[in-house]
Peer 1: 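Dropping the structure in here first, questions after.
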Amino acid sequence: MRKLGVSGKLLLIGSDGWADRTDVVAGIEEEAVGGISIRIQSPYIDWFDEHYFTLNPWTNKGNPWFKEFWSVKFECQLPDSGDAVLGFAGANAEYRYNRTCTGREGLSDRYKQDAKMGFVIDSIYTLAHGLHNMHQDVCDGVPGLCAEMATINGSLLLEYLMQVNFTGVSGHMINFDENGDPPGRYDIMNFQERKGIYGYHKVGQWDNGNLQLQFPFQWTRENEGFDVVESVCSKPCRRGEVKAIQTGGVKCCWVCTACKLNEFLLDEFTCEACPPGWLPNENLTACLPITLEYVSWDSTQAVVGICFSCLGFLATAFTMTVFILHNHTTVVKASTRELSYIILVGIALSYATTFPLVAKPTLITCYMTRILPGFSFAMIYGALVTKTNRIARILAAGKKKIMTRKPRFMSALAQVVITWIIIGIEVAVLSAVLIKEPADSLLHFPELNRARLICNTSALGLIAPMGFDFFLIAMYMQPPSKSITHPSNRVVSSQTVKKLYPPVLCVLTGARCMPSRRATFRRTSTRPSSSDSACTRPA
């Protein structure tokens, strides 16, 4: 690090093999400042020192290797050593050490208890507990070594060792998991420099999955201004995200993947979709029903449409009142008053179409929106076709110099019957479409977070009834377009064609308004587009 000039720029991290050993950082103390290592938790065993310091080779008869240990440790020869294990290579070999042990040597000289002494003692206790429990079961509690344990079954002994559970010398419970691992307990050490003195300081601990940190840490020279050094494989996912573990990767490394708008968090790894019409709650733990959007009576577009319909009703009622008051006058009779009444009723029904259009979609309102537009236009244009056809036939008969017979079906009754036959065709078309596709309300989901209540009007349910109305309009235009070539009829025919343009525009507008009403009036603050405002007036 010194040669590369990176002293103070790298943070050293060591395992329990480093722990708090001074020999690891000897000579590189300045570069090691801020280093982090872990040390296995093992308390100091005071009673072991008391026992250990009282041992000597003359009184410790239970350990056959203690005399050799004493001789090697103090580099002296015991007076009674006559065996190779006591200090020389063979029975006739020279002594290994020239100095003779006096017995005044002390085990406390230059003594430092091993940091893992507690683990050694717990290991011995573990084996003792395992053998004891195995002896109780195999030998039925009979003292001494029974025949069944004369030869130890290693697999059976391992099972008893895995079931050991006792309090160790550190005061912690000693047991083993399914992998044979005991509870892990570590001290987190930080190598620091304080007033020119280098040393290890405990800054935290890890106890069987529970991490506790104690500040302050001391980082490298370059990072002294920072409180925490961030070093993670993957950061915690944000709200609404789940962890996606890469194939073959480790569990501490993941990629955060955002859940969709209609998904909630089943767990930290799984997004679960809500059913249609539902959205996750604020905590993304469950689904809640979406507030339905449907046509609203108090919307601006609905109010404007209803106002126009009311004005149309008033105008229609005024016209019908005039006709009724002057029912027997020549002008009213000449206009084919029976057909005129049918036309006025059809106009009133067309204005009435606005109300089911702006009402909440239900079974009844959906049927009315499917029936009223086509039926009302059929009444209007069925009567107009019959009336214009009667006028065209009268004009055609007037061109003949000699009339051999009077045109048929010219009476008022015949005209009414023909009109209702035409209306009956429209009714048959409507009935066939409604049988094939019954009207009803349904939920429509234009977006994941929106649910609209609409009528199930399809293209067939719209085109079929309106298609017959367009056919009636074409038939209505046929007689005026032929008679317009005659100068005497040019004024009347041109006025008839001009009067046709507004109804045609109304039919086109009405055809457009029916499907687009799904988006025209809503219970949300979304402002409709200007093109939809044309649909507020009934066709």
Peer 1: Under a 4.5 Å cut-off applied to non-hydrogen side-chain atoms, are I188 and L211 in contact?
Peer 2: yes
Peer 1: Anything under 30° is parallel, anything over 60° is perpendicular, the rest tilted; go ahead and classify Y52 against F48.
Peer 2: parallel
Peer 1: To the nearest 0.5 Å, tell me how far L462 CG sits from T457 OG1.
Peer 2: 7.5 Å
Peer 1: May I ask you to decide if A19's main-chain N or O and S37's side chain share a donor-acceptor pair within less than 3.5 Å?
Peer 2: yes
Peer 1: Do side-chain atoms of H135 reach the backbone of V142 as a donor and acceptor pair under 3.5 angstrom?
Peer 2: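 Looks like yes, one N/O pair under 3.5 Å.
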Peer 1: If you look at every heavy atom in T100 and C76, which pair is closest and at what distance?
Peer 2: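 Heavy atoms only, the tightest pair is C-CB, 4.0 Å.
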Peer 1: Could you tell me whether the side chain of E263 and the main chain of K260 form a donor-acceptor pair under 3.5 Å?
Peer 2: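 Between the backbone of K260 and the side chain of E263 there is a qualifying donor-acceptor contact (under 3.5 Å).
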Peer 1: Has Y198 got a side-chain atom pairing as donor or acceptor with F191's backbone, closer than 3.5 angstrom?
Peer 2: no
Peer 1: Report yes if some heavy atom in the side chain of F176 is under 4.5 Å from a heavy atom in the side chain of L161; otherwise report no.
Peer 2: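 Not in contact.
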Peer 1: Taking T270 for its side chain and D267 for its backbone only, find out whether a donor-acceptor pair lies under 3.5 Å.
Peer 2: no
Peer 1: Is the side chain of E29 donor-acceptor paired with the backbone N or O of G27 at a distance under 3.5 Å, no angle test?
Peer 2: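 Side chain of E29 to backbone of G27: a pair is present.
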Peer 1: Between Q41, Q214, R185, which is the residue that forms a side-chain hydrogen bond (donor to acceptor under 3.5 Å, both in side chains) with Q205?
Peer 2: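 Of the listed residues Q41, Q214, R185, the side-chain hydrogen bond (donor to acceptor under 3.5 Å, both in side chains) partner of Q205 is Q41.
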Peer 1: Would you call I290 and N449 a side-chain contact if the rule is heavy atoms closer than 4.5 Å?
Peer 2: no
Peer 1: With V169, which of I174, V120, I121 fulfils side-chain contact (heavy atoms from CB on, under 4.5 Å)?
Peer 2: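 Testing V169 for a side-chain contact (heavy atoms from CB on, under 4.5 Å) against I174, V120, I121 leaves exactly one candidate, I121.
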Peer 1: Taking all non-hydrogen atoms of both residues, which atom of A439 and which atom of L363 are closest, and how far apart?
Peer 2: O-CD1, 3.2 Å
Peer 1: Assess, by modelled atom type and distance only, whether the side chains of E437 and N456 contain a donor and an acceptor separated by less than 3.5 Å.
Peer 2: no
Peer 1: Which of parallel (below 30°), tilted (30 to 60°) and perpendicular (above 60°) describes F53 and Y111?
Peer 2: perpendicular
Peer 1: Are the side chains of L131 and L157 in touch, meaning some heavy atoms are under 4.5 Å apart?
Peer 2: yes
Peer 1: Taking all non-hydrogen atoms of both residues, which atom of P361 and which atom of C366 are closest, and how far apart?
Peer 2: CB-SG, 4.2 Å
Peer 1: How far does CZ of R104 sit from CZ of F74, to the nearest 0.5 angstrom?
Peer 2: 13.0 Å
Peer 1: Could you pull out the closest heavy-atom pair between W70 and L55, with the gap in Å?
Peer 2: CZ3-O, 3.6 Å
Peer 1: For F119, is there any backbone N or O sitting under 3.5 Å from a side-chain donor or acceptor partner on S123?
Peer 2: yes
Peer 1: Would you say that more than 12 heavy atoms from the other residues, nucleotides or ligands in this model lie under 6.0 Å from the OH of Y125, or not?
Peer 2: no
Peer 1: For the CG atom of D187 and the CH2 atom of W206, what is their distance to the nearest 0.5 Å?
Peer 2: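 Spacing of CG (D187) from CH2 (W206) equals 12.5 Å.
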Peer 1: Looking just at side-chain N and O atoms, do Q192 and N190 make a donor-acceptor pair shorter than 3.5 Å?
Peer 2: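 Yes, side-chain donor-acceptor contact under 3.5 Å.
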Peer 1: Strictly distance-based, threshold 3.5 Å: is any side-chain N or O of N56 a donor or acceptor partner for the main-chain N or O of W58?
Peer 2: yes
Peer 1: Closest approach of P465 and G374, non-hydrogen atoms and distance?
Peer 2: CB-CA, 4.4 Å
Peer 1: Treating T365 as the side-chain partner and K360 as the backbone partner, does any N or O pair qualify as donor plus acceptor under 3.5 Å?
Peer 2: yes
Peer 1: What's the separation between atom CD in E148 and atom SG in C139, rounded to the nearest 0.5 Å?
Peer 2: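 E148 atom CD to C139 atom SG measures 6.0 Å (nearest 0.5 Å).
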Peer 1: Would you give the length of the straight line joining atom CD1 of I245 to atom SG of C253, rounded to the nearest 0.5 angstrom?
Peer 2: 8.0 Å
Peer 1: Any chance you could measure L78, atom CG, to C101, atom SG, to the nearest 0.5 Å?
Peer 2: 4.5 Å
Peer 1: Is there a side chain to side chain contact (heavy atoms under 4.5 Å, CB included) between T54 and E50 once you walk through the steps?
Peer 2: CA-CA 7 Å; T54 61; E50 297 175 1; 6.0 Å; no
Peer 1: With a 3.5 Å distance limit and no angle check, can you tell me whether S42 reaches the backbone of G118 through a side-chain donor-acceptor pair?
Peer 2: yes
Peer 1: Pair Q113, D49 - check side-chain hydrogen bond (donor to acceptor under 3.5 Å, both in side chains), show working.
Peer 2: CA-CA 8 Å; Q113 188 180 109; D49 290 351; 2.8 Å; yes
Peer 1: Within a reach of under 6.0 Å around CZ of R238, are more than 12 heavy atoms found that belong to other residues, nucleotides or ligands?
Peer 2: no
Peer 1: By the definition side-chain contact (heavy atoms from CB on, under 4.5 Å), identify the one residue from N283, L265, L284 that meets it with R239.
Peer 2: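 Only one option passes, and that is L284.
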Peer 1: Looking only at heavy atoms, what is the nearest atom pair of Y160 and G130, with distance?
Peer 2: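 Looking at all heavy atoms of both residues, the closest pair is CB-O, 3.8 Å.
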